[in-house]
Amino acid sequence: MNSLSTSASSDSSVSSSTSWFSGLVRGRLDKSSSLKMAGSSSSGGGLASNNEGPIKGKNQFRGVLFKYGPKSIQGQFGCPGLHFSTLVVAFKTGDYKQQVIFIGGLTDGFLATDYLEPLAVALDNEKWSLVQLLMSSSYSGYGTSSLEQDAMEIDQLISYLINKENSEGVVLLGHSTGCQDIVHYMRTNAACSRAVRAAILQAPVSDREYRATLPETAAMIDLATSMIKEGLGSDLMPKEADPSPITAYRYNSLCAYMGDDDMFSSDLNEHQLRMRLGHMSSTPCQVIFSMDDEYVPEYVDKKALVERLCRAMGGAEKVEIEYGNHSLSNRVQEAVQAIIDFVKREGPKGWDDPWS
């Protein structure tokens, strides 16, 4: 069984108000921080005593579990008859001032990929923390959420790290649909996006092209489109549409041509790709593409696709993992090495304060 060995912390002062910027600057001066595990040092060492490191055992992470959002999110997406509550929390290994934030894909939560465990160790050796976050879209919540909601929560997390942990900057690491979250977040120019020093997209694949291989998709796209036209975009689709509750809007976003989530499809032309990805050219980016990704249809030329994606992003670094599957569970060490090499190059020690 997967487990997290934690010390918990909560903070209710982080808000999504329009005064974030001034609040962030004040937070830099406040020097307040989340509760640490016993034995953490003021010099920024590991969280555990006796230099035990971030991993306690197989699938057992040692670190701090903290609440980064202002409150639980309860039914705010306007889905009639749907009641839910999500606590926006994150788990951090290592007690350092530079963080890699892992953003998982659909149905993901903590411990989403096999490479996170060795990555936590490798980052700790380089004096970086690994942060895994839960958003309102985590696990089965993706169908009643949106890229916009995810972006707001990512900004809240980075705000927390700046205000409460004196972060000197972050690298965003997206897996699968988490790649869409990163692309969307960087487009928002949100207050805390200035603290993002680099981005890594691992398995940026098209949800639309994969879903098009399923027999029910075409009819469900038609239904979702009709519901949206009737002003019912926040209503739930029939259960046949998706294993999890999903609104007409989110289904359309994931499955329809040029939906909000449609960023990495092989049939998008060069102009469409640049319109969706071109703003990433201002951020150092790495694209890690699995050349045996089971969620990419066989007709897609993977080499050509990853080349086009990197070009649309202004020349992002390309890493092709031969025989790698979607989550790289069969190429863990190659994944970790690629990520660490990029972080060491694009995230040098001694970053300038992002707010200076």
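FYI, the numbering just counts along the sequence from 1.
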Could you tell me which non-hydrogen atom of M263 sits nearest to which non-hydrogen atom of L309, and how far apart they are?
-> O-CD2, 4.3 Å

For D261, enumerate each residue passing the salt bridge (charged side-chain N to carboxylate O under 4.0 Å, His left out) test, keeping only those at least two apart in sequence or located in another chain.
-> R250

Main-chain N/O of S253 paired with D260 side-chain donor or acceptor, under 3.5 Å | no

S266 and L305 have their tightest heavy-atom pair at CA-CD1, 3.8 Å

Under 3.5 Å, is there a donor-acceptor pair between the side chain of E117 and the main chain of D114?
-> no

Any donor and acceptor pair, going by atom type alone, linking the side chain of S129 with main-chain N or O of G94 inside 3.5 Å?
-> yes

Mind checking whether L236 and I228 sit in one hydrophobic cluster, side chains of I, L, V, M, F, W, Y counted as touching below 4.5 Å?
-> no

With sequence neighbours left out, write down each residue that passes side-chain hydrogen bond (donor to acceptor under 3.5 Å, both in side chains) with S290, or none if nothing qualifies.
-> none

Could you go through the side-chain contact (heavy atoms from CB on, under 4.5 Å) check for L119 and V336 one step at a time?
-> CA-CA 6 Å; L119 179 61; V336 172; 4.3 Å; yes

Please step through side-chain contact (heavy atoms from CB on, under 4.5 Å) for the pair L147 and R187, ending with a clear verdict.
-> CA-CA 11 Å; L147 294 178; R187 180 184 290 278; over 6 Å; no

Is it the case that more than 12 heavy atoms not belonging to Y299 sit under 6.0 Å from its OH atom?
-> yes

Could you tell me which residues satisfy salt bridge (charged side-chain N to carboxylate O under 4.0 Å, His left out) with E209, sequence neighbours excluded, listed by chain and number?
-> none

Residues sharing Y249's hydrophobic cluster, by side-chain heavy-atom contacts under 4.5 Å among ILVMFWY, directly or via others?
-> none

Passes side-chain contact (heavy atoms from CB on, under 4.5 Å), Q99 versus L123? Steps please.
-> CA-CA 9 Å; Q99 300 89 17; L123 287 171; over 6 Å; no

For M275, the rest of its hydrophobic cluster, which grows through side-chain links under 4.5 angstrom = none

Donor-acceptor contact present, side-chain S265 to main-chain S206, <3.5 Å | no

List the atom of S327, the atom of T113, and the distance in Å for their closest heavy-atom pair.
-> O-CB, 4.2 Å

Please step through side-chain contact (heavy atoms from CB on, under 4.5 Å) for the pair L328 and I288, ending with a clear verdict.
-> CA-CA 10 Å; L328 291 175; I288 303 177; 4.0 Å; yes

Backbone N or O of L111 within a donor-acceptor pair of the Q132 side chain at under 3.5 Å?
-> yes

Hits for side chain to side chain contact (heavy atoms under 4.5 Å, CB included) against R311, two or more places apart or cross-chain, chain-then-number order -> E270, E307, R308

Establish whether F342 and V121 are linked, either directly or via other cluster members, by ILVMFWY side-chain heavy-atom contacts under 4.5 Å.
-> yes

Do Q149 and S137 have a side chain donor and acceptor closer than 3.5 Å?
-> no

Is L232 isolated, or which residues cluster with it under the ILVMFWY side-chain rule of less than 4.5 Å, directly or via members?
-> L106, Y142, M220, I221, L223, M227, M237, I246, Y251, L254

Is it true that a side-chain atom of S193 and a backbone atom of M186 form a donor plus acceptor pair closer than 3.5 Å?
-> no

Any pair counted as ring-ring contact (aromatic ring centres under 6.0 Å, His included), so long as it reaches residues 177-199, sequence neighbours left out | none

Qualifying residues under salt bridge (charged side-chain N to carboxylate O under 4.0 Å, His left out), relative to D293, sequence neighbours excluded | none

Within the side chain of Q337, is there an N or O that forms a donor-acceptor pair under 3.5 Å with the backbone of E334?
-> no

Mind telling me whether F102 and Y115 have parallel, tilted or perpendicular rings, with 30° and 60° as the class edges?
-> perpendicular

Can you tell me if R197 uses its side chain to pair, donor with acceptor, with the backbone of E346 under 3.5 Å?
-> no

Taking only residues at least two apart or on different chains, which pairs with a member in residues 216-230 satisfy salt bridge (Lys or Arg N to Asp or Glu O under 4.0 Å)?
-> none

Sequence neighbours excluded, every pair satisfying ring-ring contact (aromatic ring centres under 6.0 Å, His included) that has a member inside residues 186-232 = Y210-Y295

Check for a donor-acceptor pair, side chain of E153 on one end and backbone N or O of L133 on the other, with a separation under 3.5 Å.
-> no

Would you confirm whether D181, through its side chain, and G174, through its main-chain N or O, come within 3.5 Å as a donor-acceptor pair?
-> no

Shortest non-hydrogen pair, K67 vs Y160, comes out as O-CE1, 3.7 Å

Tell me the ring-ring contact (aromatic ring centres under 6.0 Å, His included) pairs involving residues 263-286, sequence neighbours left out?
-> none

What heavy-atom pair brings N330 and Y323 nearest, and what distance separates the two atoms?
-> ND2-O, 2.8 Å

Less than 4.0 Å between a side-chain N and a carboxylate O, is that true for E322 and K303?
-> yes

Side chains of L134 and Y139: closer than 4.5 Å at any heavy-atom pair?
-> yes

